[in-house]
Undergrad: 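The structure that follows is given in the form of structure tokens.
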Amino acid sequence: MAKITLVDTPCLISFFLLLLADLSCCKEILVGGNHTAWKIPSSPSDSLNKWAESLRFHVGDSLVWKYDGEKDSVLQVTKEAYINCNTTNPAASYSNGDTKVKLERSGPFFFISGSKSNCVQGEKLHIVVMSSRGGFFTGGSAPSPAPSPALLEAQAVPPANGSASSLTSRIGVLAFVGLAIVLL
């Protein structure tokens, strides 16, 4: 039976700190929780914003969209463009059908369909990314959670269960590394 000595203790502590830091950082989140969520919602009460309200987004996470790139696209826009479904001059435009957007700052993010008519019918998403310190913004007053679509006169895609994440594989890799450190 292996005996843990004081020499092994710093290695174990380092491993567990690394594991905790990794678990809290940088998830890939499938928008709407499934591959068919980026579409016109089936009813006004179904909303991607409602789905987003149940999650916490952190700096370093990535949003992932799956959609038919020949029929639709994702635009990252300002709040005003989001409210008005203005598809001209987006901050970023994606149309490959497999879009990944890394959330590199805290604060609000606004996404709409590249099809103005789809956006007007509710194909849009507003999220708020928390700061790395656990709050929402690093300075000033903190914003409210994502508003309901009724407040912005918007509807979005129906919520769904699940999200894309490599959490299980990351735990496995970290466990293997930790075991190697302990055995060395």
Side-chain angles (χ1 to χ4, degrees), residues 24-131 134-137 141-168:
S24 65
C25 176
C26 310
K27 295 178 285 188
E28 287 188 0
I29 303 166
L30 184 62
V31 170
N34 68 57
H35 292 93
T36 61
W38 190 241
K39 62 183 179 184
I40 298 169
S42 59
S43 72
S45 63
D46 291 328
S47 164
L48 271 180
N49 291 334
K50 287 194 183 287
W51 165 81
E53 287 173 358
S54 68
L55 300 173
R56 292 191 183 251
F57 301 95
H58 300 277
V59 173
D61 288 350
S62 295
L63 294 178
V64 178
W65 281 262
K66 303 287 185 181
Y67 55 94
D68 183 346
E70 293 181 15
K71 297 179 181 176
D72 207 349
S73 61
V74 176
L75 305 180
Q76 186 173 346
V77 296
T78 63
K79 180 179 180 178
E80 293 77 23
Y82 174 88
I83 292 168
N84 298 311
C85 288
N86 184 348
T87 59
T88 60
N89 301 317
S93 177
Y94 310 95
S95 59
N96 65 0
D98 187 13
T99 296
K100 184 188 293 188
V101 175
K102 187 168 186 175
L103 305 171
E104 296 181 335
R105 62 169 176 80
S106 61
F109 284 79
F110 300 92
F111 302 95
I112 63 174
S113 171
S115 165
K116 185 174 178 103
S117 64
N118 286 11
C119 178
V120 168
Q121 294 178 68
E123 188 177 344
K124 53 172 60 177
L125 172 65
H126 169 212
I127 66 163
V128 177
V129 177
M130 298 176 64
S131 74
F136 284 96
F137 281 116
S141 61
S144 301
S148 70
L151 294 176
L152 291 174
E153 300 178 36
Q155 304 148 4
V157 182
N161 293 330
S163 67
S165 176
S166 59
L167 181 61
T168 304

Undergrad: Run the side chain to side chain donor-acceptor pair (under 3.5 Å) test against Ser54 and tell me which residues pass, sequence neighbours left out.
TA: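 So Ser54 forms no side chain to side chain donor-acceptor pair (under 3.5 Å) with any residue.
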
Undergrad: Nearest 0.5 Å please: distance from the NZ atom of Lys39 over to the NZ atom of Lys71.
TA: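 Taking NZ in Lys39 and NZ in Lys71, the distance rounds to 13.0 Å.
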
Undergrad: Quick one: closest heavy-atom pair of His126 and Pro108, and the distance?
TA: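 His126 and Pro108 have their closest heavy atoms at NE2-CB, 3.8 Å.
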
Undergrad: Indicate yes or no: at least one non-hydrogen side-chain atom of Trp38 is less than 4.5 angstrom from one of Leu48.
TA: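 A side-chain contact exists here, since the closest heavy-atom pair is under 4.5 Å.
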
Undergrad: What's the separation between atom OG in Ser106 and atom NE2 in His58, rounded to the nearest 0.5 Å?
TA: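 Ser106 OG to His58 NE2: 12.0 Å, rounded to 0.5 Å.
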
Undergrad: I'd like to check Asn96 versus Tyr67 (side-chain heavy atoms, cut-off strictly below 4.5 Å). Are they in contact?
TA: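 Yes. Closest side-chain heavy atoms under 4.5 Å.
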
Undergrad: Would you check if Val101 and Trp65 make a side-chain contact, meaning some heavy-atom pair closer than 4.5 Å?
TA: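 Val101 vs Trp65: side chains touch.
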
Undergrad: Nearest 0.5 Å, please: how far is CG in Leu125 from CG in Leu63?
TA: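 One finds 6.5 Å between CG of Leu63 and CG of Leu125.
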
Undergrad: Considering residues at least two apart in sequence or located in another chain, which fulfil the side chain to side chain donor-acceptor pair (under 3.5 Å) criterion with Asp98?
TA: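 Once residues adjacent in sequence are excluded, the partners of Asp98 under the side chain to side chain donor-acceptor pair (under 3.5 Å) criterion are Lys66.
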
Undergrad: Considering residues at least two apart in sequence or located in another chain, which fulfil the side chain to side chain donor-acceptor pair (under 3.5 Å) criterion with Ser113?
TA: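 Ser113: side chain to side chain donor-acceptor pair (under 3.5 Å) contacts with Asp72.
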
Undergrad: Please identify each residue that fulfils side chain to side chain donor-acceptor pair (under 3.5 Å) with Asn86, with sequence neighbours left out.
TA: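 In terms of side chain to side chain donor-acceptor pair (under 3.5 Å), with neighbours along the sequence ignored, Asn86 is linked to Thr88.
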
Undergrad: Where do Val129 and Arg105 land on the side-chain contact (heavy atoms from CB on, under 4.5 Å) test, with the steps shown first?
TA: CA-CA 7 Å; Val129 177; Arg105 62 169 176 80; over 6 Å; no

Undergrad: Mind checking what makes side-chain contact (heavy atoms from CB on, under 4.5 Å) contact with Ala91, not counting sequence neighbours?
TA: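 Ala91: no side-chain contact (heavy atoms from CB on, under 4.5 Å) contacts found.
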
Undergrad: Run Tyr94 and Gln76 through side-chain contact (heavy atoms from CB on, under 4.5 Å) and show every step you take.
TA: CA-CA 8 Å; Tyr94 310 95; Gln76 186 173 346; 4.0 Å; yes

Undergrad: For Thr87, enumerate each residue passing the side-chain contact (heavy atoms from CB on, under 4.5 Å) test, keeping only those at least two apart in sequence or located in another chain.
TA: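 Result, side-chain contact (heavy atoms from CB on, under 4.5 Å) vs Thr87: Leu75, Ile112, Lys116.
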
Undergrad: Might you point out which heavy atoms bring Tyr82 and Asn49 nearest each other, and give the distance in Å?
TA: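 That closest heavy-atom pairing would be OH-ND2, 2.8 Å.
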
Undergrad: Taking Asn118 for the side chain and Ile40 for the main chain, is one N or O donor matched with an acceptor at less than 3.5 Å?
TA: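 Answer holds: no.
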
Undergrad: Rounded to the nearest 0.5 Å, how far does CD1 of Ile83 lie from SG of Cys85?
TA: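 Answer for the SG-CD1 pair, Cys85 versus Ile83, is 10.0 Å.
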
Undergrad: Taking atom CG of Asp68 and atom OG1 of Thr36, what is their separation to the nearest 0.5 Å?
TA: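 Between atom CG of Asp68 and atom OG1 of Thr36 there are 12.5 Å.
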
Undergrad: State which residues pass side-chain contact (heavy atoms from CB on, under 4.5 Å) with Lys100; sequence neighbours excluded, sorted by chain then number.
TA: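 Here the qualifying residues are Glu28, Ser62, Val64.
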
Undergrad: Identify, with sequence neighbours excluded, every residue that meets side-chain contact (heavy atoms from CB on, under 4.5 Å) alongside Ser117.
TA: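 With sequence neighbours excluded, Ser117 shows a side-chain contact (heavy atoms from CB on, under 4.5 Å) to Ser115, Gln121, given in chain and number order.
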
Undergrad: Between Ile29 and Phe57, which heavy-atom pair has the shortest distance, and what is it?
TA: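 Of all heavy-atom pairs spanning Ile29 and Phe57, the closest is CD1-CD2, 3.7 Å.
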
Undergrad: Determine, step by step, whether Phe111 and Val31 satisfy the side-chain contact (heavy atoms from CB on, under 4.5 Å) criterion, reporting the C-alpha distance in whole Å, the side-chain angles of both residues, the deciding distance to 0.1 Å, and the verdict.
TA: CA-CA 11 Å; Phe111 302 95; Val31 170; over 6 Å; no

